[in-house]
Amino acid sequence: MDTNQDMQRTIVGGALAPIHTEAVEQELTDITTIQKHVRMQEVSPTEVVIACLKRIEQLNPKLNAFITVLADQALEQARVAEAEIQGAKWRGPLHGIPLGVKDFYDTAGIKTTAAFERFKDRVPEKDAVGVAKLKEAGAIIIGKMNMHRLGMGTTGIDSYYGSVRNPWNGEHIPGGSSAGSAAAVASGMCYATLDTDAIGSCRLPAACCGVVGFKGTYGLISPKGILEGEQDPGAMIRWFSHPGIMTRTVEDTALVLDVLAERSEHRATQYFDGLAKEKKVRVGVGNNFEAGRGVSEAFERAIETVRGLGYPMKSVAVPFGNPAGGLGNIEADRKSIAGQTFKDIDVLLVPTTTTTVPTVADAGVNPQALSPKNTVFANYYGLPAISVPCGFDSNGLPLGLQMVSRPWDEATVLRLAYRYETATSWKTKHPAA
């Protein structure tokens with residue numbers, strides 16, 4: 001199928017109907033909006049997939065966000081989704097929506113490489129738990145995302161398949177390790193991605209590319225099926241690594257989290273439904289973070305926006321500690337963090353990055369040229385954390401505001417992020433790429 005055509009045709013009710021992919025690209029830019037049209041059969045999953053494939057065909061040669069594009073499979077899944085929806089078998093808001101999967105997660109019958117040469121022919125037999133959940137919800141897996149090799153870096157420019165490029169400016173890094181995910185979501189090649197975050201690997205590229213990056217409390221989303229059967233990555237990665245989600249909006253993050261979150265009698269929260277609920281939130285503003293001038297100025301503007309929402313605010317110390325200092329006390333520290341840092345506040349605010357987005361030249365061969373100092377504490381303590389766009393630096397590159405809450409209080413951090421997002425216009429800013 002020629003995905004370059006603005007108007008394709010598909011079978012609807014036994015007749016050929018036109019597909020206007022331009023409308024999908026320009027007007028239906030997030031899951032929350034497009035899923036309503038899909039459910040009402042005003043837009044078909046086939047139209048949505050074709051629009052994304054068209055974007056991939058146009059942009060991926062430049063951005064290198066995908067390792068594997070599953071065009072034929074995605075179109076077949078779209079036809080199945082279309083038939084199910086027409087048959088009144090709607091599975092939920094992700095039904096018929098094209099998503100990407102970081103190439104860390106096993107996908108049955110599809111190579112999963114972690115951007116590592118030794119894994120270039122690695123084809124798993126079983127889907128990771130998160131992938132299976134997305135498929136069960138009717139999501140369409142449109143491809144596997146490029147990433148920093150083995151997740152061992154924050155720049156996104158070290159991959160067996162070549163560097164990912166920032167869609168705002170290719171001379172700057174996209175952030176990592178979930179680099180391809182951030183570039184693809186920002187540029188509209190897919191609507192969301194399933195990612196990982198061990199030191200900021202989802203939140204950092206989200207900040208660099210101007211999208212939303214989220215990780216939940218340790219254990220909220222299952223990591224089972226990340227390079228299943230390969231060598232144990234070590235205790236630190238096991239403790240620090242969290243599954244993550246990247247989207248264009250906080251609402252979309254909540255929709256995806258509703259599918260991915262592990263459920264129990266103690267954790268039956270519906271995250272999307274809770275976004276608009278009114279609740280008093282005590283906000284702590286970090287006072288001991290590291291940040292350059294451009295980042296600090298954007299952070300101060302973001303704080304003033306949050307202040308304008310009417311929440312009580314106070315200056316607090318971020319529990320940075322020394323996450324690299326060992327794991328001996330990590331379980332005890334995770335149990336005590338709520339009573340220590342979050343005794344008098346509900347959400348902690350801190351810049352996502354310490355600097356503006358580095359250039360590729362400045363990053364060089366340093367795998368952590370983009371510092372994780374402002375993000376890794378949330379991995380050590382296993383805290384829910386989200387990065388939302390909060391402006392641009394003097395070079396026109398995005399910046400991120402990070403919000404962190406106590407364990408198992410994803411609902412509050414998402415609610416505040418949503419209130420901030422709706423009070424600004426940042427979510428409507430997309431790269432021209």
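Bear in mind that the values here come from a model prediction, so they are computed numbers and not experimental data.
Annotation for G151 and F104: closest pair N-CZ, 3.8 Å, computed over non-hydrogen atoms. Residues S178 and T196 share a closest heavy-atom pair of OG-O, 3.4 Å. Residue G225 comes nearest to A128 through the heavy atom pair O-CB, 3.4 Å, listed as atom of the first residue, atom of the second, then distance. Across every non-hydrogen atom of A385 and Q402, the tightest pair is CB-OE1, 4.0 Å. The two residues L416 and L349 come nearest to each other via the heavy atoms CD2-CD2, 4.2 Å. Looking at every heavy atom in both residues, I110 comes nearest to V123 through N-CG1, 3.7 Å.
By the side-chain contact (heavy atoms from CB on, under 4.5 Å) test, P312 pairs with K280, R282, sequence neighbours left out. S163 pairs by the side-chain contact (heavy atoms from CB on, under 4.5 Å) definition with I157, not counting sequence neighbours. Applying the side-chain contact (heavy atoms from CB on, under 4.5 Å) rule to A186 yields the partners P167, C209, V211, P431; only residues at least two apart in sequence or on another chain are considered. Taking the salt bridge (Lys or Arg N to Asp or Glu O under 4.0 Å) definition, one finds that K224 meets it with E228, sequence neighbours left out. Under the side-chain contact (heavy atoms from CB on, under 4.5 Å) criterion, A192 pairs with I31, L99, T247, V256, not counting sequence neighbours. Taking E410 as the reference, T217 meet the side chain to side chain donor-acceptor pair (under 3.5 Å) condition, with sequence neighbours excluded.
In this structure, E304 places its CD atom where more than 12 heavy-atom neighbours from other residues, nucleotides or ligands lie under 6.0 Å away. Under a cut-off of 6.0 angstrom, the local environment of NZ in K373 is sparse, with at most 12 non-hydrogen atoms contributed by other residues, nucleotides or ligands. Within a 6.0 Å sphere centred on CD of E136, other residues, nucleotides and ligands contribute 12 heavy atoms or fewer. Heavy atoms from other residues, nucleotides or ligands lying under 6.0 Å from NZ of K126 number 12 at most. Counting heavy-atom neighbours within 6.0 Å of Q41 CD, excluding the residue itself, gives a total above 12. Within 6.0 Å of the CD atom in E331, the count of heavy atoms belonging to other residues, nucleotides or ligands does not exceed 12.
Two rings, from Y380 and F377, have their centers 6.0 Å or more apart. Aromatic ring centroids of F392 and W168 lie under 6.0 Å apart.
A heavy-atom distance below 4.5 Å is found between the side chains of I142 and F66.
A donor-acceptor pair under 3.5 Å is absent between the side-chain atoms of H148 and the main chain of G176, judged by distance alone. Under a 3.5 Å cut-off, the side chain of D158 and the backbone N or O of P367 do not form any donor-acceptor pair. Remark: side-chain polar atoms of R39 are not paired, donor with acceptor, to backbone N or O of W90 under 3.5 angstrom. No donor-acceptor pair under 3.5 Å is formed between the side chain of R307 and the backbone N or O of A302. S44 contributes a side-chain N or O that, together with a main-chain N or O of E47, makes up a donor-acceptor pair within less than 3.5 Å. For the pair D393 (side chain) and L397 (backbone), a donor-acceptor distance under 3.5 Å is present. Without hydrogens or angle criteria, R165 side chain to E171 main chain gives no donor-acceptor distance under 3.5 Å. In this structure, S241 contributes its side chain and R238 its backbone to no donor-acceptor pair below 3.5 Å. At least one donor-acceptor pair closer than 3.5 Å links the side chain of R406 to the backbone N or O of F342. Proximity of a side-chain donor or acceptor of R55 to a complementary backbone N or O of S187 within less than 3.5 Å is detected.
Residues E230 and R122 are paired through a salt bridge, judged by an N-O separation under 4.0 Å between the basic side chain and the carboxylate. The pair R79-E76 meets the salt-bridge criterion, with a side-chain N (NZ, NE, NH1 or NH2) lying under 4.0 Å from an Asp/Glu carboxylate O. In summary, D127 and K135 engage in a salt bridge, as defined by a charged side-chain N under 4.0 Å from a carboxylate O.
Atoms CG and OG, from N64 and S159 in turn, are 7.0 Å apart once rounded to the nearest 0.5 Å. If you take CD on E262 and OG on S222, they are separated by 5.0 Å, rounding to the nearest 0.5 Å. Remark: D72 CG to Q77 CD distance equals 11.0 Å, nearest 0.5 Å. Summarising the geometry, atom OH belonging to Y420 is positioned 5.5 Å from atom CG belonging to L401; distances are rounded to the nearest 0.5 Å. Residue E84 holds its CD atom at 7.5 Å from NZ of K89, rounded to the nearest 0.5 Å. Taking OH from Y160 and CG from N146, the interatomic distance works out to 12.5 Å, rounded to the nearest 0.5 Å.
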What's the verdict on side chain to side chain contact (heavy atoms under 4.5 Å, CB included) for L414 and T253, showing C-alpha distance, side-chain angles and the deciding distance?
CA-CA 9 Å; L414 286 167; T253 295; 4.1 Å; yes
Could you walk me through whether N169 and N395 satisfy the side chain to side chain donor-acceptor pair (under 3.5 Å) test, starting with their C-alpha distance in whole Å, then the side-chain angles of each, then the deciding distance to 0.1 Å, before giving a yes or no?
CA-CA 9 Å; N169 185 330; N395 293 313; over 6 Å; no
Side chain to side chain contact (heavy atoms under 4.5 Å, CB included) for M145 and V164? Distances and angles first, verdict last.
CA-CA 10 Å; M145 315 314 300; V164 179; over 6 Å; no
Please test H95 against Q35 for side chain to side chain donor-acceptor pair (under 3.5 Å), starting from the C-alpha separation and ending with a verdict.
CA-CA 8 Å; H95 201 176; Q35 61 92 12; over 6 Å; no
ring-ring contact (aromatic ring centres under 6.0 Å, His included) between F299 and F289, worked out:
CA-CA 11 Å; F299 181 68; F289 57 82; 5.0 Å; yes
T412 vs D346, side chain to side chain donor-acceptor pair (under 3.5 Å): CA-CA, chis, key distance, verdict
CA-CA 8 Å; T412 297; D346 300 303; over 6 Å; no
Check against side chain to side chain donor-acceptor pair (under 3.5 Å), D30 and T249
CA-CA 7 Å; D30 56 73; T249 71; 5.1 Å; no
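The side chain to side chain contact (heavy atoms under 4.5 Å, CB included) test with L370 is passed by exactly one of P174, P358, P205: P358. Applying the side chain to side chain donor-acceptor pair (under 3.5 Å) test between K102 and each of S201, S177, S181 identifies S177 as the sole match. For the side chain to side chain donor-acceptor pair (under 3.5 Å) with R203, the qualifying choice from D197, T352, D195, T375 is D197, the only one to do so. The side chain to side chain donor-acceptor pair (under 3.5 Å) with K144 is formed by just one residue from the set T193, T68, D103; it is D103.
Between W239 and Y218, the angle of the ring planes stays under 30°, which puts this pair in the parallel group of the 30/60° scheme.
D252 and T32 share a side-chain donor-acceptor pair at under 3.5 Å.
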